[in-house]
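Throughout, a chain's letter reflects where its sequence line sits, starting with A, and its residues are numbered from 1. Note that the structure is a prediction, hence the values are computed from the model and not measured.
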2 protein chains.
Amino acid sequence: MTNRGNQQPRQREISKLLRERGNRVTPQRRAVLKIIQEHEGHLSADEIYNLARDDVPRLSLSTVYRTLDLLKELDLVTELHLAGDHYRYEAQSGRHQHLVCLGCGKVIEFQCSHCGTIYRELFSQHGFAITSSRVELLGYCEECSKAMDN
Amino acid sequence: MTNRGNQQPRQREISKLLRERGNRVTPQRRAVLKIIQEHEGHLSADEIYNLARDDVPRLSLSTVYRTLDLLKELDLVTELHLAGDHYRYEAQSGRHQHLVCLGCGKVIEFQCSHCGTIYRELFSQHGFAITSSRVELLGYCEECSKAMDN
DNA sequence: TTATATGCAAACAATTTGCATCCTG
DNA sequence: CAGGATGCAAATTGTTTGCATATAA
């Protein structure tokens, strides 16, 4: 595994990273990465596919999946499974967590100020070194809670 | 949504719960529930299917899925997406979180003593009422960490 | 007795793979 | 110009659905 737990590198560094591994920098890969970085979160493979085709019309869905696999290996994207049917992907930027409303499906991002503490505890208690997290808290947002209580 | 945030009821209560909703208590449903409760966690639909067939040989996979849907509705099982390809299910027992080792795939359960605090903060800050959580912290367990540093 | 559950097989949807061709380094 | 990357289409896999039959209440 590469690039453990650091910040989102810029395009140039990413290209370097790829070349060092013997991978190539192709228009398709650039396009997929760009979409993910611009949209900052929660895209499905199919959505990425459609958006990236504005740049690379001949792009195929399998290339999207293959690229996502590669970016996952490089810790550049995180694969999520929010409430729903398929995977979603987002750029590995600052750590944040997800609140998913079971009523309307809305996803709220939040920062958990306690995570650092928790990670440290886990390391001392279990020797477990966290590299990433998928925290999905499910419940009902304010509006949906109100709607239900009627 | 039914039965918000309470403890695992016993068989008899579950039967009652089902009947009240107009659902029936069938051998298939008993078998699936029994397997999930006995195995306390992390079974895929297919594994449940195979195990439950010891009790009910004519059981079909679609019935397993249908039963899991029902049990989810009743908050009796939780659907997880640990690192991997498909859903996993576990009895909704006391709240715990999952540590998933990216090296060997091992899953460690842990209690997060800070969750109560976090939930309370979220409610006051976002008006969001948490009913369940999927917390999956990914990283490397002690052994795998050591193995990698060689 | 009668509506709910089931099993089976067929349908679906998301993801993966084989292979000939393309193109980056 | 050589090996990695791509597009396409076909294959897989996990899950869902339609429908005739079985069964719990």
Separation of B:Glu73 atom CD from C:dT4 atom P, in whole Å? 14 Å
Salt bridge (Lys or Arg N to Asp or Glu O under 4.0 Å) partners of B:Lys72, counting only residues at least two apart: B:Asp69, B:Glu79
With a 4.0 Å heavy-atom cut-off, tell me which residues in residues 22-32 of chain A come close to DNA chain C, sorted by residue number. A:Arg24, A:Val25
Is a side-chain N or O of B:Thr63 found less than 3.5 angstrom from the main chain of B:Leu59, in a donor-acceptor match? no
Checking B:Glu142 now: which residues fulfil side chain to side chain donor-acceptor pair (under 3.5 Å) with it, not counting sequence neighbours? none
Whole angstrom is fine here: how far is it from CZ in B:Arg88 over to P in D:dT15? 10 Å
Take the protein atom CG of B:Leu70 and the nucleotide atom P of C:dA5, then report the distance between them rounded to whole Å. 7 Å
Output the rounded distance in Å from CZ (A:Arg66) to C1' (C:dG18). 10 Å
Using a cut-off of strictly less than 4.0 Å, decide whether A:Arg19 has a side-chain nitrogen or oxygen near OP1 or OP2 of C:dG25. yes
Send over the distance from B:Leu43 CG to D:dT15 P, rounded to a whole Å. 13 Å
Residues in side chain to side chain contact (heavy atoms under 4.5 Å, CB included) contact with A:Thr26, at least two apart in sequence or another chain: A:Arg24, A:Gln28, A:Arg29
Can you measure B:Lys16 atom NZ to D:dA25 atom P for me and round it to whole angstrom units? 15 Å
Quick one, which residues of residues 47-63 of chain A touch DNA chain D with a heavy atom under 4.0 Å? A:Arg58, A:Leu59, A:Ser60, A:Ser62, A:Thr63
Hits for side chain to side chain contact (heavy atoms under 4.5 Å, CB included) against B:Asp55, two or more places apart or cross-chain, chain-then-number order -> B:Ala31, B:Lys34
Which residues share a side chain to side chain contact (heavy atoms under 4.5 Å, CB included) with A:Leu51, sequence neighbours left out: A:Ile35, A:His39, A:Leu43
Residues that B:Asp46 engages under side chain to side chain contact (heavy atoms under 4.5 Å, CB included), provided they are two or more places apart: B:Ser44, B:Tyr49, B:Asn50, B:Leu61
To the nearest angstrom, the CG-C1' distance between B:Leu68 and D:dT16 comes to 13 Å
Kindly write out the residues that satisfy salt bridge (Lys or Arg N to Asp or Glu O under 4.0 Å) with B:Glu47, not counting sequence neighbours, or none if the list is empty. B:Arg88
